[in-house]
Q: 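Shown below is the structure under consideration.
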Amino acid sequence: MKKIRLLLVSLTIIVLAIPSFKDICGAAEVTKINESKGQIYIDQGKDAGFIFGAKVCFFSSIDKELICGKVLRATDSYAIVRIRNRRKTKEIEIGSEAMLHVEKENKE
């Protein structure tokens, strides 16, 4: 009985930790798309690191990188990312994953 209880408690902790892990990694979800302006709305903002000018890349459901853009406007709860190639916004779907893109510096 103790082993079953321990297993259930462990599973509960894991299930509850998954959404917070996504927040820590900087992953966000697409909530709205404005194809005519080339703007993608995501469900996280300044608190998650999506600040003005930050580079954001969008991924499909099979983790294929679609396109990257820069944050145009950000609040604490959402951000708007501008995509230069408006035709590429048609490839992005509501619910697609958005991640901050950090480039490595070459110190030579």
Side-chain angles (χ1 to χ4, degrees):
M1 190 69 169
K2 288 182 180 180
K3 289 181 180 180
I4 293 174
R5 181 178 287 158
L6 180 64
L7 176 66
L8 291 175
V9 169
S10 299
L11 287 174
T12 303
I13 291 171
I14 291 170
V15 168
L16 293 175
I18 290 173
S20 62
F21 178 74
K22 182 179 176 183
D23 294 341
I24 291 168
C25 292
E29 192 173 296
V30 174
T31 57
K32 182 179 171 184
I33 301 169
N34 186 335
E35 289 180 13
S36 64
K37 291 185 178 181
Q39 296 177 348
I40 310 294
Y41 293 73
I42 57 177
D43 66 351
Q44 292 188 25
K46 293 178 188 176
D47 293 340
F50 293 93
I51 58 172
F52 177 78
K55 187 173 180 181
V56 178
C57 295
F58 296 91
F59 296 86
S60 66
S61 59
I62 56 172
D63 290 335
K64 176 187 164 209
E65 184 178 318
L66 299 175
I67 191 164
C68 296
K70 294 206 179 213
V71 175
L72 178 66
R73 189 174 336 135
T75 68
D76 291 337
S77 59
Y78 75 93
I80 302 172
V81 180
R82 172 107 162 80
I83 305 294
R84 288 197 174 258
N85 186 344
R86 292 183 190 165
R87 281 184 248 140
K88 286 282 192 177
T89 59
K90 293 179 182 179
E91 296 177 16
I92 300 171
E93 298 175 357
I94 301 289
S96 295
E97 189 174 276
M99 300 262 312
L100 285 171
H101 180 78
V102 180
E103 294 182 17
K104 295 179 182 177
E105 292 182 22
N106 289 334
K107 294 185 179 181
E108 293 182 41

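Residues: numbered from 1 along the sequence shown.
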Q: NZ/Lys46 to OH/Tyr78 distance, rounded to the nearest 0.5 angstrom?
A: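 If I round to the nearest 0.5 Å, the distance is 10.0 Å.
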Q: Count I, L, V, M, F, W, Y as connected when their side-chain heavy atoms are under 4.5 Å apart, and connections chain through other members. Are Phe58 and Tyr41 then in the same cluster?
A: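 Different hydrophobic clusters.
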Q: State, with a plain yes or no, whether a side-chain heavy atom of Phe50 is found less than 4.5 Å away from one of Val81.
A: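 Phe50 vs Val81: side chains apart.
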Q: Got a second to check how far Asn85's CG is from Lys90's NZ, nearest 0.5 Å?
A: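 These two atoms lie 10.0 Å from each other.
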Q: Checking Asp47 now: which residues fulfil side chain to side chain donor-acceptor pair (under 3.5 Å) with it, not counting sequence neighbours?
A: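 Asp47 satisfies side chain to side chain donor-acceptor pair (under 3.5 Å) with no other residue.
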Q: Are Leu72 and Ile83 linked, directly or through intermediate hydrophobic residues, by side-chain heavy-atom contacts shorter than 4.5 Å (ILVMFWY only)?
A: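 No, it is not one cluster - the side chains of Ile83 and Leu72 are not joined through contacts under 4.5 Å.
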Q: Of all residues at least two apart in sequence or in a different chain, which pass the side chain to side chain contact (heavy atoms under 4.5 Å, CB included) check with Arg73?
A: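 Residues passing side chain to side chain contact (heavy atoms under 4.5 Å, CB included) with Arg73: Ile80.
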Q: Do Leu100 and Val71 belong together in a cluster built from hydrophobic side chains that touch within less than 4.5 Å?
A: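 In one cluster with Leu100: Val71, yes.
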Q: Supply the atom-to-atom distance Thr31 OG1 to Gln44 CD, rounded to the nearest 0.5 angstrom.
A: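 The CD atom of Gln44 is 10.5 Å from OG1 of Thr31, to the nearest 0.5 Å.
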Q: Enter the distance from Arg82:CZ to Thr89:OG1 here, rounded to the nearest 0.5 Å.
A: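 One finds 10.0 Å between CZ of Arg82 and OG1 of Thr89.
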Q: Is there a continuous path of hydrophobic side-chain contacts, each under 4.5 Å between heavy atoms, that joins Val56 to Ile94?
A: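 Per the 4.5 Å side-chain linkage, Val56 and Ile94 are co-clustered.
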Q: Drop me the distance from Ile92's CD1 to Ile33's CD1, to the nearest 0.5 angstrom.
A: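 Those atoms lie 6.5 Å apart.
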Q: Could you tell me which non-hydrogen atom of His101 sits nearest to which non-hydrogen atom of Cys57, and how far apart they are?
A: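 Result for this residue pair: CB-SG, 3.7 Å.
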Q: With sequence neighbours excluded, what pairs up with Lys70 under the side chain to side chain contact (heavy atoms under 4.5 Å, CB included) test?
A: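 Side chain to side chain contact (heavy atoms under 4.5 Å, CB included) list for Lys70, sorted by chain: empty.
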Q: For Gln39, is there any backbone N or O sitting under 3.5 Å from a side-chain donor or acceptor partner on Asn34?
A: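 No: the side chain of Asn34 does not pair with the backbone of Gln39.
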Q: Check whether more than 12 heavy atoms from other residues, nucleotides or ligands sit under 6.0 Å from atom CD of Glu35, and answer yes or no.
A: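 For Glu35, atom CD is crowded (more than 12 foreign heavy atoms under 6.0 Å).
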